[in-house]
Amino acid sequence: MKKFIETIKNIFAIEDLRTRIFNTLFFIAIYRLGSYVVLPGVDPTRLKQGGAEGLFGILDTLLGGAFSQASIFALGIMPYISASIVLQLLTIAVPYFQKLQKEGESGRKKINQYTRILTIPIVLAQSVGFIATINQEAIIAPGPLFTFSTMLIITAGTLFCMWLGEKITDKGIGNGISMIIMIGIVSRFPGAIIGEAAAKGMRGSLIFLIELVVLFLVVMAVIVLTQAVRRIPVQYAKQVGGTTQLNAQRQFIPLKVNAAGVMPIIFAQSLMFVPAIVASVWQNDSDAANYIGQKFSDYTSWQYNLVFATLIIVFTYFYTAISVNPNQIADDLKRSGGFVPGVKPGRDTSEHIDEILTHITLPGAIVLALIAIFPALALLAGVTRPFSAFYGGTSLIIMVGVVLDTLNQVESYLLMRHYDGMMKTGKLRGRSAQNVALAS
């Protein structure tokens, strides 16, 4: 406890870090206040009670309830995330964007600009779909004027959320976009845990305690999955410059076990609604269609979870393949005079890295699939629906990832000012970043 108090004092003793923390809290407060501002022309008392369900329920969780409350931030930062995914895929398929990606900082700025521009048509299209999900009885004066004004307001709200995210990145402690999503998720946690405790009551206090222990173990598993890396040793040849001779250095390339992050779950989740939608077309004419529609409308059924887990494993390999390029890593190593001991530079190094990446992705994909289906298992075990969402899936992985990134940022500030880090033993990944041999 004494070490923790000392670390907090050190954090606030650094003026720049203290200012960034307060700036972050200020921007987050603005975002949360905006999440409670209801769209003009909507009666909040007539909105659907209990929140959204299905895919809309997941979206509502990520937005901290802004979606179900018909807020001016109803779509939040999600259209920007969609645009980012589109641009990331374009960097794989379109030569122009591939060239931009290789141009360094200037190329990234152009890609970010294209992402912002693409966000506008995406949010306009999604706002039309959002209007259709609102309880029509809650709309005071439905019509073209309401639709047009709502589209403009939601678009402005998303652009404002983008601006807040960039300000948190520039003036705060970083990871602004991810921070906004995490805050939306965390805002649901107190209500979920209070609701679970109330549902169990005094007689179920032991069961509630066991649920908390299981939740802690799941969080630890997600941390291990997020932080786990396979280190490939790299040797740098001895270099001579003028009268200075640099000894050979031995470093490593860290390959993440879960390089795809949360994206496979998002992709798989978006496809899991297709069978139920298709089956609904023939549900009155076919018993098989009725069966498929029933099973895939229930995310606790074993059929749903089996297909869901399989899709996650497939998408993990797919997204890892497009986000980690062994050829580029091998070329960067060759240009900087590095090599993997026992492996020839160039093509052999690329194949070696690709083989290792293929092997470590399988256990990472399986663990990711188990984490994704764990909320359904928790619900079947008797955990309430709001609280079960924190036992895995998109919400938990995003929270853990953002918290770890934030700790890395704070850790770097402490070490840079010659303070003790946040941990006496062990290392956060950010503390050992200087050992990474990857060229940006």
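The structure displayed is predicted, hence computed values, not measured ones. Hydrogens, waters and symmetry mates are skipped; everything else that's a heavy atom, side chains included, is used.
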Thr115/Tyr80 under side-chain contact (heavy atoms from CB on, under 4.5 Å): CA gap, chis, key distance, verdict: CA-CA 7 Å; Thr115 304; Tyr80 177 81; 3.6 Å; yes
Check against side-chain contact (heavy atoms from CB on, under 4.5 Å), Thr91 and Leu100: CA-CA 8 Å; Thr91 57; Leu100 286 179; over 6 Å; no
Audit row: Gln88, Phe97, side-chain contact (heavy atoms from CB on, under 4.5 Å) steps and yes/no: CA-CA 9 Å; Gln88 190 170 9; Phe97 290 100; over 6 Å; no
side-chain contact (heavy atoms from CB on, under 4.5 Å) between Thr406 and Met179, worked out: CA-CA 9 Å; Thr406 304; Met179 184 75 68; 3.6 Å; yes
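Closest non-hydrogen pair, Ile313 versus Ala369, comes out as CG1-CB, 4.3 Å. Residues Gly261 and Leu368 share a closest heavy-atom pair of O-CD2, 3.7 Å. Annotation for Ser388 and Val383: closest pair N-CG1, 3.6 Å, computed over non-hydrogen atoms. Between Val234 and Gly338, the closest heavy-atom pair is CG1-CA, 4.3 Å. Across all their heavy atoms, Ser127 and Leu75 have their closest contact at N-CD1, 3.8 Å. Of all heavy-atom pairs between Ala389 and Ser395, the closest is O-CB, 4.1 Å.
Within the 4.5 Å cutoff, the side chain of Val38 has no heavy atoms near those of the Gln69 side chain. Two residues are said to be in side-chain contact when any heavy atoms from C-beta on lie closer than 4.5 Å; Val94 and Leu89 fail this criterion. A 4.5 Å side-chain heavy-atom check between Ile373 and Tyr304 finds every atom pair outside the cut-off. Side-chain contact check for Ile154 versus Ile72: every heavy-atom pair is 4.5 Å or farther apart. Looking at Leu333 and Ile253, their side chains come closer than 4.5 Å, going by heavy atoms from C-beta outward. Side-chain atoms of Ile232 and Val340, non-hydrogen and from C-beta on, do get closer than 4.5 Å to each other. Side-chain contact between Ile30 and Leu164: present, with at least one pair of heavy atoms (C-beta onward) separated by less than 4.5 Å. With contacts defined as side-chain heavy-atom distances shorter than 4.5 Å, the pair Ile139/Phe146 qualifies.
Here the SG-CD1 distance, from Cys161 to Ile181, works out to 10.5 Å after rounding to the nearest 0.5 Å. Going from atom OG of Ser84 over to atom CD1 of Ile122 covers 8.5 Å, rounded to the nearest 0.5 Å. With rounding to the nearest 0.5 Å, the separation of OG1 in Thr158 from CD in Gln126 is 8.0 Å. Atom CG of residue Leu124 and atom CG of residue Leu152 lie 7.5 Å apart, to the nearest 0.5 angstrom. Met182 CE to Ile177 CD1: the interatomic distance, rounded to the nearest 0.5 Å, is 13.5 Å. For the atom pair CD1 of Ile117 and CG of Asn112, the computed distance is 11.0 Å after rounding to the nearest 0.5 Å.
Counting non-hydrogen atoms of other residues, nucleotides and ligands closer than 6.0 Å to CD of Gln303 gives a total above 12. Around CD of Gln136, the count of heavy atoms belonging to other residues, nucleotides or ligands within 6.0 Å exceeds 12.
Across Thr320, Ile85, Ile322, Ile81, a single residue satisfies side-chain contact (heavy atoms from CB on, under 4.5 Å) together with Met263, and that is Ile85.
The aromatic rings of Tyr391 and Phe374 lie parallel to each other, with less than 30° between the two planes, well short of the 60° mark. Ring planes of Phe315 and Phe318: perpendicular class, angle over 60° (limits at 30 and 60°).
A salt bridge links Arg116 with Glu166; the closest basic N to acidic carboxylate O contact falls under 4.0 Å.
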Report, one line per pair, each donor and acceptor closer than 3.5 Å where one atom sits in a side chain of residues 168-176; sequence neighbours left out.
{"unit_1": "Thr169", "atom_1": "OG1", "unit_2": "Gly165", "atom_2": "O", "d": "3.0"}
{"unit_1": "Thr169", "atom_1": "OG1", "unit_2": "Gly176", "atom_2": "N", "d": "2.9"}

Under 3.5 Å donor-acceptor pairs involving side-chain atoms of residues 202-221, not counting sequence neighbours:
{"unit_1": "Ser205", "atom_1": "OG", "unit_2": "Met202", "atom_2": "O", "d": "3.0"}
{"unit_1": "Glu211", "atom_1": "OE2", "unit_2": "Lys200", "atom_2": "NZ", "d": "3.4"}

Pair up each side-chain donor or acceptor in residues 352-365 with any protein partner under 3.5 Å, not counting sequence neighbours, and list the distances.
{"unit_1": "Thr358", "atom_1": "OG1", "unit_2": "Asp354", "atom_2": "O", "d": "2.8"}
{"unit_1": "Thr361", "atom_1": "OG1", "unit_2": "Leu357", "atom_2": "O", "d": "2.5"}

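The main-chain N or O of Glu137 is found under 3.5 Å from a side-chain atom of Arg46 such that the two form a donor-acceptor pair. At least one donor-acceptor pair closer than 3.5 Å links the side chain of Thr133 to the backbone N or O of Phe130. Between the side chain of Ser35 and the main chain of Ala66, no donor-acceptor pair closer than 3.5 Å is present. Between the Ser71 side chain and the Gly34 main chain, a donor and an acceptor come within less than 3.5 Å of each other.
Applying the ring pair (Phe, Tyr, Trp, His ring centres under 6.0 Å) criterion to Trp163, with sequence neighbours excluded, gives Phe160.
A side-chain N or O of Glu196 and one of Thr384 form a donor-acceptor pair less than 3.5 Å apart.
Sorted by first and then second residue, the ring pair (Phe, Tyr, Trp, His ring centres under 6.0 Å) pairs involving residues 24-45 (not counting sequence neighbours) are Tyr31-Phe73. Among residue pairs with one or both ends in residues 19-36, those qualifying as salt bridge (Lys or Arg N to Asp or Glu O under 4.0 Å) are Asp16-Arg20; sequence neighbours excluded.
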